[in-house]
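I have placed the structure first, in the form of structure tokens, so that the comments after it can refer back to it.
Residue numbers start from 1 in every chain, and the chains themselves are labelled A, B, ... in the order their sequence lines are given, proteins ahead of strands. The model shown is predicted, which means the values in this text are computed figures rather than measured ones.
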Amino acid sequence: MTLTLATWNINSVRLRLPIVEKLLDEKNPDILCLQETKCANELFPAEAFAARGYQHQAINGQKGYHGVAILSKLPLSEIDCRDHGNVGHARHVSALVETGGKRIRLHNFYVPAGGDEPDAAKNPKFAHKLDYIEEMKALRADAEAGVSSILVGDLNIAPLEHDVWSHKQMLKIVSHTPVETEGLLEVIAKGGWVDLMRQHAPEPAKLYTWWSYRAADWAASDRGRRLDHVWSSADLAPDLTDIEILRDARGWEKPSDHVPVIARLTF
DNA sequence: ATGGTTGTGTGACAA
């Protein structure tokens with residue numbers, strides 16, 4: 001039994017529907033987790049996904065900003081949305097998936113980007129990001145007895161040296177400052193999570209999932225960052241058979257600035 | 001040090 005799971009910050013699900021459908025046609029994941037859907041739930045293109053077999057949907061959206069969704073061929077139960085800090089942002093949704101004799105709690109996160117100034121005293125958005133990471137430290141991969149865990153999403157932090165194009169030049173840039181990278185590594189360690197992308201491609205391999213829209217030629221300059229993540233509880237880590245970063249998707253028509261990450265687990 | 005692009009929804013933000 002194989003579980004194929006895709007995660008993608010889509011930067012508007014309505015505008016990007018043609019390339020999301022391209023991903024589904026080409027890769028046929030069992031479950032697709034989206035971030036930055038940028039629309040209210042009643043405007044989410046639920047029928048387009050249901051028509052392709054993704055009839056089980058956990059959607060947490062809001063008008064204009066943020067928004068996450070789990071679209072699944074497998075039944076979803078115990079759907080839960082958390083609003084860290086009670087700020088009214090749609091940044092999390094989770095559901096229980098049962099497959100291959102496993103019960104899996106799947107978390108889909110969109111961590112705040114944090115603005116440009118990496119100083120919590122001057123920049124409330126950065127303070128909010130640090131608060132958000134602080135709250136995530138309480139999230140345990142073994143929180144529920146008999147239930148494994150997978151966590152995916154746009155965490156807006158590239159924690160390791162080779163998660164960015166230039167460690168030295170990124171140290172004061174939001175997404176790679178020490179307070180963020182150390183914080184995210186603590187979320188992983190305290191929660192008992194395994195970073196599956198790095199299990200599959202350990203450092204010093206360069207791994208990027210995001211390239212800025214502002215580059216004149218994103219592929220030539222290749223100033224990428226690994227902002228998107230796939231983690232699991234320790235019991236599932238040996239079941240990982242493949243991780244694929246769809247770099248090509250950055251060059252698709254009307255692309256997102258993030259590309260899909262696809263994980264395959266075989267039980 | 002600055003500017004570069006994209007999305008929502010037609011303003012100014014957020015990323």
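Comparing the same atom, P, in B:dT2 and in B:dT6 gives a spacing of 23 Å after rounding to whole Å. A gap of 22 Å separates the P atoms of B:dG7 and B:dG3, to the nearest Å. Atom C1' of B:dG9 sits at a distance of 12 Å from the matching atom of B:dC13, rounded to the whole Å. Nucleotides B:dT5 and B:dA1 place their P atoms 22 Å apart, quoted to the nearest Å. B:dG4 and B:dA15 are spaced 13 Å apart, taking the C1' atom of each and rounding to whole Å.
When side chains are defined from C-beta on, A:S175 counts as touching A:M170, because their heavy atoms get closer than 4.5 Å.
In terms of the side-chain contact (heavy atoms from CB on, under 4.5 Å) criterion, residue partners of A:K254 (sequence neighbours excluded) are, by chain and number, A:L15, A:R16. For A:D195, the salt bridge (charged side-chain N to carboxylate O under 4.0 Å, His left out) criterion is met by A:R226, not counting sequence neighbours. By the side-chain contact (heavy atoms from CB on, under 4.5 Å) test, A:A120 is found to be paired with A:F126, A:A127, A:L130, residues two or more places apart in sequence or in another chain being considered. Every ring pair (Phe, Tyr, Trp, His ring centres under 6.0 Å) that A:H84 has, sequence neighbours left out, goes to A:F109, A:Y132.
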Taking distance alone, no hydrogens or angles, what donor-acceptor pairs closer than 3.5 Å link side-chain atoms of residues 257-267 of chain A to residues at least two apart or in another chain?
from	atom 1	to	atom 2	distance (Å)
A:D257	OD2	A:W210	NE1	3.2
A:H258	ND1	A:D228	OD1	3.3
A:H258	ND1	A:D228	OD2	2.8
A:R264	NH1	A:D242	OD2	2.9
A:T266	OG1	A:T2	OG1	3.3

Legend entry - Nucleic acid footprint by protein, nucleotides 6-15 of chain B - heavy-atom cut-off 4.0 Å, B for base, S for sugar-phosphate alone: SSSS----SB

